[in-house]
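Throughout, a chain's letter reflects where its sequence line sits, starting with A, and its residues are numbered from 1. Since this is a predicted model, take the numbers as computed values, not measurements.
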There are 2 protein chains.
Amino acid sequence: MPASIEDVAKKANVSISTVSRVLNRRNIVNDKTRKRVEIAIRELNYRPNVFARGLMLQQSNILGLVLPDLHGEFYSEIIRGANNKAHDLGYQLMVSSVGGKNDGHSVLSAVSNHGLVDGIVVMVSEIDSKAKKTLAGVTTPFVVLDGQVDRVNHDSVVIDQRHGAEEMMKHLIEDRHAKNIVFVGGPKTNIDTIDRLAAYRETMRQSSLDVDSKDIYHLDFSYEKAFDLGIEKVKEWAESEAFIFAANDEMAAGIIDAAIEKNISVPEEIRVVGFDDTRIAIMTRPRLTTVHVPMSSMGAQAVELLCQRLKEPERPPVKITLHSNLVIRESCGTSRGASIY
Amino acid sequence: MPASIEDVAKKANVSISTVSRVLNRRNIVNDKTRKRVEIAIRELNYRPNVFARGLMLQQSNILGLVLPDLHGEFYSEIIRGANNKAHDLGYQLMVSSVGGKNDGHSVLSAVSNHGLVDGIVVMVSEIDSKAKKTLAGVTTPFVVLDGQVDRVNHDSVVIDQRHGAEEMMKHLIEDRHAKNIVFVGGPKTNIDTIDRLAAYRETMRQSSLDVDSKDIYHLDFSYEKAFDLGIEKVKEWAESEAFIFAANDEMAAGIIDAAIEKNISVPEEIRVVGFDDTRIAIMTRPRLTTVHVPMSSMGAQAVELLCQRLKEPERPPVKITLHSNLVIRESCGTSRGASIY
DNA sequence: AGATTGATTGAAAGCGCTGTCAATTACGAT
DNA sequence: ATCGTAATTGACAGCGCTTTCAATCAATCT
């Protein structure tokens, strides 16, 4: 139904080769003929068929983005960043989620081996050996986002969570004189949780503070679970003058709300901090002291890196590190340089 | 580089036709040959080339999702719903945003005329004549999501915002005895704003309440702008015993926080309600009375409708209406059947 | 004028796959 | 054995595009 290159050629009274040339390397065709062809193209509303083109060129100008999940602002910001950058660079983005009902590996291989996408940005939140093996089998160029794929010699963009987390811990300990810090993390196997917890332990050790394993909780990053935990523990925490370091803003919000529910005031009686610096952080009262993670940049940088790789397949792998940093608001005591939003 | 159908044929000692047959209609080929071919396929790790296939079949199994924006939970939930459904039905999803730097029309036409996607879900938040014209030029099957594309005879899924909004207004007026309701909407041309405002006006009229045009504000759906407005107006609103009907939860949250900032208590001094029932609604204190909009269903249903259309191109257009409904929490007075989350 | 060059164009060979149609084979019936 | 029929397979023509490679033509040079 749609016009083909042949239709254009007939209409413009040239061969399809010529049409193809004005499409791809317009400069090498005579001005007059080019004009004729261009008019024909416009009149027929002609668009090259992606498949035919892809078949010849073996490329689609489509990039894949594979995420562990699509839930929450974290991922949606990554998508946004990736999508904008992709468009800027002339690519389309295909988003897939590995979580939920979809079997992760099947999705990944669908996106990749398909041969459809020119490259993939993969975000793996839980690196197990299976995931590594899957990754190893992927023939399409890809970059790893925020996954510590150890020893895998690949392009990657990671956030230096350690830095932000340590900054936060130091703030709690040095500026706020915290003695007792409770860590509320996501699942044990989750990469971000592992990193943030490592920073927690390390800083505690450096400051000669004991870490009681009872002070470490593994939830699922959700407001609800954190709220429930808060309801149960918040009194106890208040008595022990605890600081709560939640591994994301949502859980921090849940704990704050639990405190309010239990008539425990924040930051006077307990202090709560978050991670990610999502919009939630400015919507809680008090606003969250948290660690800013450049979410949309992550997506954008990963796409950019991927495109560079596509241009220079032989280039040695690059690792881009994005920095996270402390943002002080009010959920952890009188602010020093607090930002309103 | 990757194995082609010919490689498989050679390896299995059959013709490419036979390989193609085992790929597509396995039953019509002899068991023994089929086994041979299957082994060859596995050994070569063969995957049919999407482009070649697409070229023949003129279909890609890719669906496009075009959104006005990618910002915020509303869209991310739609993506999630659409993505899951698409996968369930054997499709891949390609997401595009029309907002931001991307010129909307170019994106739309890129996604559509490209011929890449088999169908599109388009969400248009601001229907102007230009948008309509663009839509009219799209040859790929598409369904319109949440856009009142008047008189355009198309598959569409819309939310019955009117219903939810009216329910809300009635709740305010009848149960809460509101006399003075302020409407805080998004941009004037935004479809959702238009609908919600219409319901507002209509209910006010029915209840013989005056609507002062000074009580209608058009912001941009953001927390920040609403917060600023709140800071300015909240005292005044408290004095006039106003109810604030915000057109989304984010703005409602902004206003509540402004009230807190100004030491005005919610819901005692002013009452604020939202729209959408995003996660924000349970994170504010007090929690938001709001209108629940089935966001992820919207995405899912739109995709499902689109796939049906692809199967039956000649079927008369279908319009699916999703219902929105009032969710009573605490931001508007003592709750009657309030839910905790 | 005849030859050489460069600019411009067209013809045709695929890219990897599907589907049509004809050819081959197997097998039971005559 | 011979035939008819059904089951199975292969040859080949495209799908719409890019890209050599050769052909054409005008312009320049000897």
Side-chain angles (χ1 to χ4, degrees), chain A residues 1-41 44-62 90 112-118 139-140, chain B residues 1-41 44-62 110 112-118 139-140:
Chain A
M1 183 67 74
S4 78
I5 197 173
E6 205 177 337
D7 301 330
V8 177
K10 275 204 188 102
K11 182 142 200 155
N13 237 313
V14 293
S15 73
I16 59 167
S17 324
T18 304
V19 178
S20 175
R21 274 189 282 261
V22 351
L23 250 33
N24 302 303
R25 296 167 321 195
R26 39 201 339 281
N27 43 312
I28 65 167
V29 23
N30 183 290
D31 273 9
K32 266 170 91 177
T33 9
R34 180 157 52 73
K35 289 257 160 60
R36 257 198 353 266
V37 173
E38 278 165 351
I39 290 174
I41 288 180
L44 293 170
N45 189 25
Y46 166 75
R47 306 278 174 151
N49 178 303
V50 222
F51 298 115
R53 193 169 210 155
L55 188 52
M56 282 299 308
L57 270 33
Q58 298 293 3
Q59 59 147 348
S60 59
N61 278 359
I62 302 178
S112 65
N113 287 322
H114 233 303
L116 209 183
V117 297
D118 294 344
T139 53
T140 315
Chain B
M1 181 68 73
S4 78
I5 197 173
E6 205 177 337
D7 301 330
V8 177
K10 274 202 188 106
K11 182 143 199 155
N13 236 312
V14 293
S15 73
I16 59 166
S17 321
T18 303
V19 178
S20 174
R21 273 188 284 262
V22 350
L23 250 32
N24 301 302
R25 296 167 323 193
R26 41 203 334 282
N27 44 310
I28 65 167
V29 25
N30 182 289
D31 274 10
K32 266 169 91 177
T33 7
R34 181 157 50 74
K35 290 255 160 62
R36 264 207 338 275
V37 173
E38 278 164 353
I39 290 173
I41 288 179
L44 293 170
N45 189 25
Y46 166 74
R47 305 277 173 152
N49 179 302
V50 222
F51 299 116
R53 195 170 207 152
L55 187 54
M56 280 301 305
L57 269 33
Q58 298 292 6
Q59 59 147 342
S60 60
N61 279 358
I62 302 178
S112 65
N113 288 322
H114 233 302
L116 209 183
V117 297
D118 294 345
T139 54
T140 315

Seminar exercise, completed: Whether each nucleotide of nucleotides 5-17 of chain D has a protein heavy atom under 4.0 Å at its base (B), only at its sugar-phosphate (S) or at neither (-) is summarised, 5' to 3', as ---SBBBB-BBBB
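- The two residues A:A12 and A:A40 make their nearest non-hydrogen contact at CB-CB, 3.9 Å.
- Side-chain contact between B:T140 and B:D118 is absent, with no heavy-atom pair separated by less than 4.5 Å.
- Side-chain atoms of B:S60 come within 3.5 Å of backbone N or O of B:L116 as a donor-acceptor pair.
- Between A:D31 and A:R34 a salt bridge is recorded (basic side-chain N to carboxylate O distance below 4.0 Å).
- Smallest separation of non-hydrogen atoms from B:V22 and B:E38: CG2-CG, 4.4 Å.
- To the nearest angstrom, C1' of C:dG14 lies 14 Å from CG of A:L57.
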